[in-house]
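Here is the structure we will look at.
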Amino acid sequence: MARRRLDPHLDSMMIFSGVGLNILKERRRQGGSRRNRLRRLAGEQSRTTSWILRGVTTRIEAGESVAVLGLKNSGRTEFVRLAAGTLIPDEGSILRRQSILPMIDLRRAFERGFTIRQNSYLLGGLLGMTPKEVEGALLEIVETAEFTSNIDKYMGGVSALTRQKLAWAIAMATKANAFAIDEMLVVGDPQFQAKCIAHVHRLKADGATFLVATDVPRKFEGFFERAIVLHNGSVLLDGAFADGLAVLRELRLANSAVEIEADIETETETETETETWKDGRP
Amino acid sequence: MLRMLVLRDLQRQYTKFRLGYLWTLLEPLGMALVMWFVFTQLLGSSNLGLQPYFLFLTVAILPWWWFSRGVSGAARVFRRNPAILRLSLLPTRIWVLRVVLVSMAEYLLSLPVILIAMLVTRTAPGPLIVLFPVAIIVQFFLMYGLAMMIAAGAAVIPDLARIVRIVLRATFYLSPILYSIANIPAGAQVLAAFNPLVGVLGLYRIGFWPTEIESLPNYGISIGITAAIFIAGSVVFHRLEGRILKEA
């Protein structure tokens, strides 16, 4: 696609220059004067543009592991989606040297009415694998995901945890070496997480690039060397991981003790997360 | 990849019901029978369309089916599974193409219905039947263009999906499906040609009823409009792609 054009001669893995992403929000004016109501009906002044990210300028070098940090709704997810190219910036530009693998909520792509095998082809295909490549990697995927039952079973009956493992295994089977990840660096039960960590460390040693949006950065100490902290739509800090952690900590403190408690809760929740299928379609 | 998506969709369609593929034939056949019964037996209008009326109906109802499925499917395409957009490295328009191709495949698979209608009415096509595939190609581009427009529009304005449904219903009666191009008053013929379906349906029918030939300029208008819709669809889609991705 033209919008994800790659430039193999780029001297960095990714170059963000003045990147901005906005969202049109319906301004909700509850009740209000008759004049306001009339205006709303006429569609006048009912939309405002708010910027999720603005003026983001940075470079990601090959082989770097960068944590994208920030409070909730600080644009972390949007940042990694922009990096992978599944969002198009409203201003500025993003140049890439090579294709960046998006690992963003992968298991949601699974179709309940397809078998595990078919879903592997589907997700593999979405991530740029050819059917032949998926076929070749199928055994490896099943093995990595520690999937023991029949792969011709329908996805509908598979637990959220297993789906996540499968999604992770498929993403790893792409043999990509540049990743834009949203909370998916390690998944599954603690045992599986250990395996994930070992795997990504191996990839890192082989020179892979990681851009990871995460709410629980402490889990990966020793993996990241750099952090980008987002706040109010712009880059608050772009530097060493330890500094990023410190800034994030201050942000969280400033954001009141209540929020911290909530964060800690979600930290434990992500591991036992359950999920219902979004669409009721068979 | 696209082929796989289309095949999977078809497979899902056909494994869901006990009669599977047979429904592809039975549904339009039943529809044509009902309409044939209402218009010839109940209302008894003999100047509507051309004879044999049953075949006349069938030839147009099948492509109409394709048209309405494709268009209404396009209105839902980005609502159905928005999560895919967040992670897919494939060009976004593939999802639109998928809907168009699935409905097209269903149409092609339902073509035996026309053979059945030919056998029942003992009618053989003339040499102009060679225009049948041309009609399919024109319809494909018409639908791809429309589908891109509608899919992009519906992703940004959810209400569009409902409007599309009403417009589809109107289009059914405004297109020569139940009636023939000859039934359109002479003064409105040129106007009617601006509905690209008029030209497409004419091309489908010309093989059986050479009199169904519309004036050549009017075909030109229909095909021109189709080309315009296709180009406009591509432009609209390209413009709105950022918005579509944001909605996901």
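A note on names: the letters A, B, ... follow the listed sequences, proteins ahead of strands, and every chain is numbered from 1.
Contact check for A:R81 versus B:L245: side-chain heavy atoms found under the 4.5 Å cut-off. Within the 4.5 Å cutoff, side-chain heavy atoms of A:L21 are placed close to those of B:K246. Contact of the B:I84 side chain with the A:R108 side chain is not registered, since no non-hydrogen atoms from C-beta on lie closer than 4.5 Å.
For a residue to count as touching a neighbouring chain, one of its non-hydrogen atoms must lie under 4.5 Å from one of that chain's; by this rule A:T77 does not touch chain B. The part of A:I100 that comes within reach of chain B is its backbone (N, CA, C, O), which places non-hydrogen atoms under 4.5 angstrom from that chain.
With chain B as partner, the option from A:I52, A:L101, A:L123, A:L122 having the largest number of non-hydrogen pairs under 4.5 angstrom is A:L122.
The distance from atom CD1 of A:I88 to atom CD1 of B:I244, rounded to the nearest 0.5 Å, is 8.5 Å. To the nearest 0.5 Å, the span separating CD1 on A:I104 from CG on B:L85 amounts to 11.5 Å.
In this structure, A:L106 and B:L87 approach most closely via the heavy-atom pair CA-CD2, 3.7 Å. A pairwise comparison of heavy atoms in A:A84 and B:L89 identifies O-CD2, 3.9 Å as the closest pair.
Heavy-atom neighbours of A:Y154 OH from other residues, nucleotides or ligands within 6.0 Å: at or below the threshold of 12. Within a 6.0 Å radius of CG in A:N73, other residues, nucleotides and ligands contribute 12 heavy atoms or fewer. Heavy-atom neighbours of B:L7 CG from other residues, nucleotides or ligands within 6.0 Å: above the threshold of 12.
Using a cut-off of 4.0 Å between Lys/Arg side-chain N and Asp/Glu carboxylate O, A:D182 and B:R86 are scored as not salt-bridged.
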